[in-house]
Visitor: 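The structure that follows is given in the form of structure tokens.
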There are 2 protein chains.
Amino acid sequence: MSDVPHRSGSKVRAKPTEDFIYTELYNAICERQLLPDTKLGEVLLAEHYGVSRTIIRQALMRLSGDRLVKLEPNRGAFVARLTLEEARQIYAAWRLVEAEIIREVSTTITPEQVARLRALIAAERQACEAEDYPLLTRLSTQFHIQLADLCSNPFLSRFIKELIPQTSLAYFYEVRKMPLCTKDEHGEILDFIAVGDAEAAVAAAKAHLDGIEAALDARAALEPKASLADKLKSRMPSMS
Amino acid sequence: MSDVPHRSGSKVRAKPTEDFIYTELYNAICERQLLPDTKLGEVLLAEHYGVSRTIIRQALMRLSGDRLVKLEPNRGAFVARLTLEEARQIYAAWRLVEAEIIREVSTTITPEQVARLRALIAAERQACEAEDYPLLTRLSTQFHIQLADLCSNPFLSRFIKELIPQTSLAYFYEVRKMPLCTKDEHGEILDFIAVGDAEAAVAAAKAHLDGIEAALDARAALEPKASLADKLKSRMPSMS
DNA sequence: CACACAATTATTGTATACGATTTCTGCATG
DNA sequence: CATGCAGAAATCGTATACAATAATTGTGTG
């Protein structure tokens, strides 16, 4: 991960910067608009964004460092694919570090920070009722990311922030939207943190992640290989 | 057909690949032959290795992803510098994940793997007696890296492997060689792991890392800013 | 002498050109 | 009809050229 993905309102027709393109692809993969094994052709992207292949190449290399794309020599860049086992390993690592973060944050969090997270949860519920699942996905991960950012150890929070996007690469996860909606697990976790009950918060977080992971194998191996980058690009949140 | 690059004195030499240059710089930084804030000029490196700036740029971008070099826009690449606080945070994260790895490995390790690690420890002691400190540094980190590789969760081991090189960026660490030599802490940790006493091994590992970290502030802020890339390159383990 | 500022130099950022490798296509052949 | 093998087309890898930006030097003025 290089830096926080944040979609900026694009209006300027000036030449897009490498960072912009990186962020755009990053978000597209996280939101599953670009599915695993999708080929990311350099000329295609270069022409789409109106820049040279050099820029595209840089963005793809950064994404490769994030393990979101796989660079095959002399063959090109593809959206990375995760096995079910790898997905489980990610959740295991996530649980471990998340627990440590929660323990620390429980002792340092301020009312303002709690309020900020509550606002995020409120937005989640709203997105859920509106059935805006891409937004919900984004906000759900955002909760964990913002929580991690409250940790005083940036190396731990960075680890989380590198791990979370990769979970989007596991080819499933639609399943988990409903539970999130009804149960408001993020709210429970935050409640415990807010009152300083670290271990209860940790337990709630572990149960939360367990639940997400348990939903994984349900409809694994779903989804076909790929769709053409062109078709997706017409839907991409970019210019033109 | 011998694809062995013949090392005759002539100038016919296979062009170094990007990966080679990356590895070379990576090791040079880890072994502290390239110190923090050293500027890594593109043309200088390109001419030295006999490749174009394109290749150098790729290597530098990868190193930037590893947080070993800092890329300043329009100014160039510099060996990254760590504050004392950041170094402590790295060790904190390291302790956390190392403990988890040890817990798992203690239940899965095989006699062959134990033997392999013991051989490494023997080499460490040998390097210590020979006072070959660069080699000792390399072997010491290698112990932790090989241990991490025994973990079934590659995401955890990768985290460790990304963390360790960064500790080289903290401007100190000569201090810790003596303790390592006399006390053989790696050996102790391995002994506990070999007999399956996970918690004792974890405790030993934590004490080990605590010791290293404690030695940090001793002579912090030592070492001046930089030395010229040229001067270092004459010492670099590469082609002349 | 110190300081500010313009011109020069050096270095990075981007685009383009060319070579190498892979993939696709079509035709011949069993 | 399937298969195998050219040859063509597309795509990636690297080098080079040029533009943009920062660093440096030199010069004039308070």
Side-chain angles (χ1 to χ4, degrees), chain A residues 2-3 12-25 34 37-65 68-80 225-233 238-239, chain B residues 1 3 5 11-25 34 37-65 68-80 225-230 232-233 239:
Chain A
S2 281
D3 247 339
V12 192
R13 194 57 72 89
K15 200 177 278 188
T17 170
E18 182 255 302
D19 196 78
F20 173 81
I21 296 173
Y22 164 82
T23 303
E24 192 128 312
L25 292 174
L34 290 176
D37 292 342
T38 302
K39 164 135 197 194
L40 303 173
E42 296 178 357
V43 288
L44 201 59
L45 289 166
E47 287 170 1
H48 175 70
Y49 286 109
V51 297
S52 79
R53 277 175 53 216
T54 309
I55 308 296
I56 301 299
R57 236 145 185 291
Q58 289 178 12
L60 291 176
M61 281 177 48
R62 266 172 83 188
L63 289 166
S64 165
L68 293 183
V69 315
K70 196 172 61 165
L71 255 41
E72 294 186 30
N74 279 315
R75 292 204 56 244
F78 302 83
V79 177
K225 288 209 310 189
S227 49
L228 209 57
D230 302 71
K231 221 180 73 181
L232 289 155
K233 257 181 335 198
S238 70
M239 55 193 51
Chain B
M1 234 34 98
D3 50 352
K11 26 268 189 188
V12 189
R13 205 170 280 227
K15 198 177 283 186
T17 170
E18 182 254 305
D19 197 78
F20 173 80
I21 298 173
Y22 164 81
T23 303
E24 192 129 311
L25 292 173
L34 290 176
D37 291 343
T38 303
K39 164 137 196 193
L40 304 173
E42 296 178 358
V43 288
L44 200 60
L45 289 166
E47 286 169 2
H48 175 69
Y49 287 108
V51 297
S52 79
R53 280 177 49 217
T54 309
I55 309 295
I56 302 299
R57 240 149 183 287
Q58 288 177 13
L60 292 176
M61 280 177 49
R62 263 172 84 187
L63 290 166
S64 165
L68 293 183
V69 316
K70 195 171 62 165
L71 255 42
E72 294 186 31
N74 280 315
R75 293 207 53 246
F78 303 83
V79 178
K225 287 210 307 188
S227 50
L228 208 57
D230 302 71
L232 290 155
K233 254 177 343 193
M239 52 197 64

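Each chain gets a letter, A, B and so on, in the order its sequence line appears, and its residues count up from 1. A quick note: this is a predicted structure, and the numbers were derived from the prediction, not measured.
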Visitor: I need the CZ-C1' distance between B:Arg53 and D:dG13, as an integer number of Å.
Guide: 17 Å
Visitor: Find which nucleotide of DNA chain C each of A:Val51 and B:Ala77 is nearest to by heavy atoms, and output the residue with the more 5' nucleotide.
Guide: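 By nearest-heavy-atom nucleotide position, the 5'-most residue is B:Ala77.
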Visitor: With no hydrogens and no angle check, is any side-chain donor or acceptor of A:Ser64 less than 3.5 Å from a backbone partner on A:Leu60?
Guide: no
Visitor: Find which nucleotide of DNA chain D each of A:Thr54 and A:Gly76 is nearest to by heavy atoms, and output the residue with the more 5' nucleotide.
Guide: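 Counting from the 5' end, the first nearest nucleotide belongs to A:Gly76.
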Visitor: To the nearest 0.5 Å, what is the distance between CZ on B:Arg53 and CD on B:Glu47?
Guide: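 Result: 11.0 Å between the selected atoms.
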Visitor: Whole angstroms only, please: what is the CG-P distance between A:Asp19 and C:dT14?
Guide: 11 Å
Visitor: Can you see if the side chain of A:Lys15 gets near the phosphate of C:dT14 - specifically, an N or O under 4.0 Å from OP1 or OP2?
Guide: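 No, because none of the side-chain N or O atoms of A:Lys15 sits under 4.0 Å from OP1 or OP2 of C:dT14.
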Visitor: Nearest 0.5 Å, what's the CG-CZ distance between A:Leu68 and A:Phe78?
Guide: 16.0 Å
Visitor: Could you pick out which residue, A:Pro73 or A:Gln58, lies toward the 5' side of DNA chain C when each is mapped onto its nearest nucleotide?
Guide: A:Gln58
Visitor: For the pair made of CD in A:Glu72 and P in C:dT22, what is the distance, rounded to whole Å?
Guide: 12 Å
Visitor: Check the distance between D:dT24's C1' and B:Arg75's CZ and give it to me in whole angstrom.
Guide: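 Rounded to whole Å, this separation is 13 Å.
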Visitor: Please pick, from C:dT11, D:dC12, D:dA15, the nucleotide with the shortest atom-to-atom distance to any side-chain atom of A:Lys39.
Guide: D:dC12
Visitor: To the closest 0.5 Å, what do you measure between CG (B:Asp37) and NZ (B:Lys70)?
Guide: 7.0 Å
Visitor: Quick one: A:Glu42 CD to D:dG13 P, roughly how many Å, whole number?
Guide: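 For the pair A:Glu42 CD and D:dG13 P, the rounded distance is 6 Å.
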Visitor: Starting at atom CD1 of B:Ile56, determine the distance to atom C1' of C:dG13, rounded to an integer number of angstrom.
Guide: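 So the CD1-C1' distance, B:Ile56 to C:dG13, works out to 16 Å.
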Visitor: Rounded to the nearest Å, what distance is computed from the CZ atom of residue A:Arg57 to the P atom of nucleotide C:dG13?
Guide: 17 Å
Visitor: Specify the separation, in whole Å, of atom CG of B:Asn74 and atom C1' of D:dT21.
Guide: 5 Å
